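Values in this document were obtained by computation on a predicted structure and should not be read as measured data. Each chain gets a letter, A, B and so on, in the order the sequences are listed, and its residues count up from 1.
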2 protein chains.
Amino acid sequence: MATGRTHRPATRSRGIPEATVARLPLYLRALTALSERSVPTVSSEELAAAAGVNSAKLRKDFSYLGSYGTRGVGYDVEYLVYQISRELGLTQDWPVVIVGIGNLGAALAGYGGFASRGFRVAALIDADPAMTGKPVAGIPVQHSDDLEKIIEEDGVSIGVIATPAGVAQQVCDRLVAAGVTSILNFAPTVLSVPDGVDVRKVDLSIELQILAFHEQRKAGEESGADTGADTGSEAGSAAAAVPPAPRGATGGSRKGPDGDVPAVMPA
Amino acid sequence: MATGRTHRPATRSRGIPEATVARLPLYLRALTALSERSVPTVSSEELAAAAGVNSAKLRKDFSYLGSYGTRGVGYDVEYLVYQISRELGLTQDWPVVIVGIGNLGAALAGYGGFASRGFRVAALIDADPAMTGKPVAGIPVQHSDDLEKIIEEDGVSIGVIATPAGVAQQVCDRLVAAGVTSILNFAPTVLSVPDGVDVRKVDLSIELQILAFHEQRKAGEESGADTGADTGSEAGSAAAAVPPAPRGATGGSRKGPDGDVPAVMPA
DNA sequence: ACATGTGAAGTCTTTCACAGCC
DNA sequence: GGCTGTGAAAGACTTCACATGT
């Protein structure tokens, strides 16, 4: 709707694949550590190990940036730090606002990794008048009435949302209207934003659910390949929780993709 | 090295692609919202919109779980909630320990989304004796000396690391040795774990750097396609930060992948 | 001799488009 | 008519393996 371009190639940047971009910070961190230990050069092998990836991937990633290594030798640590920093845009500093100063917002405000790489907490914003003026991590909280003014005056383009889910979308809308074009969302909601605005989300609950999935599989593997063993033992409530399946279940119609999911459901 | 199997198919589970698994929690959240509003059925189109994905992807994802929809109608909300919950292993409850009760750890302990889906904070653990016994989010902090005992007694298999980076690896090692097989890591370090242990990481700084990358690109696009315009304007400091390039830079040898990166570096 | 840089092959993921069923 | 379920095509990402340069 509205937007002209029919599904442009997603967030694909001047030839650098998104997956590569997502790893650059990892490399940068490993390189920074080497730099602090005054290590002059690294091989792709060593650096890859430090970053937790394999060396072929690392070399391919770097190849998108240019030819910054020396054959037979490796990469100059300082030089690479600079190139990656520049590529990521960390040679300039980015003012960031955090909206929603609850437990999480406060923790984020105090997070050291923020300042370490070109990010500066320009303002903390909360809707609770009782919070206004209270310093959190050394920065006084401002009231959300002033959100637009703050964004514009400081030229903020990155916003962090740490509010309850219920208000995340409206906060998002206001941020975007005020000029923010990148959002890091900690609220467990899907945000919708206009074209040209980037959203990344961090969701604890989702991460745990993914872990639980794999955890369950491990448990299942130990004994037989049997899934869904107990789960609904208290027949009463479990049965109540499970609807009678979409309209007149015909005997064996319900099957798993491999055809052997032990149909755990009220027949 | 050491591990027998030569690169097994990564974390690939009984036919369900990892990318799909990562989206199931999203669908589940959207479905739960519908369920609370007593909506009986949804089409793939509607549900996809609510989850922020496109409908073809959603249908493909669901097809890995089985045939849970009804053609011409859609999906039964309650039934799908149940099926996805079961697939994710959320019909059982998972005791979780959080190690490192600083600002972040405390925020995580108080996070509502935890309890909402089968996850139960079994214990909060911190190395600081001053913290021991202090209740955080209603749960008394225990000392890390007792880590092994706690894990074993409660049968904990999921651990959350919210410690400083410096001690994350040793905490991780102890968790794993005590029987934890899934770790959610908030410390900005690469954790190495034995085969069979899953690690997921959440790193604020990395997310911001990725946003900064795209943000920079947007800024560059506005004016000409010229990247790296200012950035190193204050020539003095910028130049000092850049090493003389790996050994005798021969004039035009340094090039970007497309051959047109305006080499922003001291010649 | 050694380690980068990269075509080519392989694998995973997304999207298309339509057969099949309600 | 409408919507699911899915082969097949397209695309993105990873891995291989070796030519290339020092």
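- In terms of heavy atoms, B:Leu34 sits closest to B:Leu47 at CD1-CD1, 4.2 Å.
- Spacing between atom OH of A:Tyr68 and atom C1' of D:dG21 amounts to 19 Å, rounded to whole angstrom units.
- Here the nucleotide nearest the side chain of B:Thr70, chosen from C:dT13, C:dA3, C:dC22, is C:dC22.
- Checked options B:Ile206, B:Val190, B:Ile161; the residue passing with B:Lys201 is B:Ile206 (criterion: side-chain contact (heavy atoms from CB on, under 4.5 Å)).
- The side chain of A:Tyr75 contributes an N or O atom lying less than 4.0 Å from OP1 or OP2 of C:dG5.
- Taking side-chain N and O atoms only, A:Arg59 has no distance below 4.0 Å to OP1 or OP2 of D:dC18.
- In this structure, B:Tyr79 has its ring center under 6.0 Å from that of B:Tyr68.
- Taking atom CZ of A:Arg23 as the reference point, atom P of D:dT14 lies 4 Å away to the nearest angstrom.
- Place B:Ser44 and A:Thr20 on DNA chain D by their nearest nucleotides, and B:Ser44 ends up nearer the 5' end.
- Rounded to whole Å, atom C1' of C:dG7 lies 7 Å from atom NZ of A:Lys60.
- Checking the phosphate oxygens (OP1, OP2) of C:dT15, a side-chain nitrogen or oxygen of B:Lys57 falls inside 4.0 Å.
- B:Phe62 comes within 4.0 angstrom of nothing in the nucleic acid, heavy atoms only.
- Following rounding to the nearest Å, A:Glu45 (CD) and C:dG5 (P) show an atom-to-atom distance of 14 Å.
- Put simply, the side chain of A:Arg71 and the base of D:dT22 share no donor and acceptor less than 3.5 Å apart.
- A donor and an acceptor atom, one from each side chain of A:Gln209 and A:Ser205, are located under 3.5 Å apart.
- In this structure, the CG atom of B:Leu65 is 15 Å from the P atom of D:dT4, given to the nearest Å.
- Using a 4.5 Å cut-off on side-chain heavy atoms (C-beta onward), B:Gln92 and A:Gln216 make contact.
- A close approach under 4.0 Å does occur between a side-chain nitrogen or oxygen of A:Asn54 and OP1 or OP2 of D:dT15.
- When rounded to the nearest whole Å, the span between CD of A:Glu18 and P of D:dC13 equals 8 Å.
- Going from atom CD1 of B:Ile16 over to atom P of D:dT6 covers 14 Å, rounded to whole Å.
- Across the protein-nucleic acid pair, B:Asp61 atom CG and C:dT15 atom P stand 11 Å apart, rounded to whole Å.
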